[in-house]
Amino acid sequence: MPRSDHFWYDIRETLSSPKFLFGFLAVVGFFIMYVNLSLIYPGMLIFLGIVVARSVIGRRCPKCDRPLKADEAKQDPNSALILHIVWHCPHDGYEETEKTKGDAGLFGAS
């Protein structure tokens with residue numbers, strides 16, 4: 001249940017929940033297998049809508065429900081392929097770090 005003061009944060013967390021996604025896939029799979037095979041197209045459109053909604057909402061601060069800004073990116077000292085992105089809330093100072101693995105270019109040289 002979304003909280004009134006954290007509406008967008010809670011919606012994004014719900015849409016990214018593995019329980020929600022697996023439940024959605026199970027319901028769509030049931031309807032595709034037992035009702036009609038052509039229901040795969042609306043299921044794909046709804047899934048695409050979920051992904052787009054998550055992207056449009058973006059990262060949100062869990063304290064004030066405002067958008068987070070990418071503050072800086074640091075390279076991991078142990079691996080040249082790992083990047084740590086620091087997300088910062090300009091309103092209350094909340095920070096979170098995202099660990100991403102990039103590629104090393106066309107030939108994979110590091």
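All of these numbers come straight from a predicted model, not from anything done at the bench.
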All side chain to side chain donor-acceptor pair (under 3.5 Å) counterparts of R59, not counting sequence neighbours: E96, E98
Okay, side chain of T97, backbone of I85: is any donor-acceptor separation there less than 3.5 Å? no
If two hydrophobic side chains count as joined below 4.5 Å and joins carry through other members, does I32 share a cluster with F24? yes
Identify the two heavy atoms, one from L15 and one from F20, that lie closest to each other, and give their separation to 0.1 Å. CD2-CE2, 3.8 Å
Taking atom OH of Y9 and atom OG1 of T14, what is their separation to the nearest 0.5 Å? 10.0 Å
Cluster link V35 to L25, ILVMFWY, side chain under 4.5 Å: yes
On a heavy-atom basis, which atom in C64 and which in C89 lie closest, and how many Å separate them? SG-SG, 3.5 Å
Between atom CZ of R54 and atom CD of E13, what is the distance when rounded to the nearest 0.5 Å? 8.5 Å
Taking all heavy atoms of G43 and all of V28, pick out the closest pair and write down the distance. CA-CG1, 4.0 Å
Does one hydrophobic cluster hold both F31 and Y34, with members joined at side-chain heavy-atom distances below 4.5 Å? yes
Heavy-atom closest pair, residues P62 and Y94: CD-CE2, 3.4 Å
Within one Ile-Leu-Val-Met-Phe-Trp-Tyr cluster: I40 and L37, side-chain cutoff 4.5 Å: yes
With sequence neighbours left out, which residue pairs that include part of residues 60-84 fulfil the salt bridge (Lys or Arg N to Asp or Glu O under 4.0 Å) condition? none
Heavy-atom closest contact (L21 atom, S16 atom, distance): CD1-O, 4.5 Å
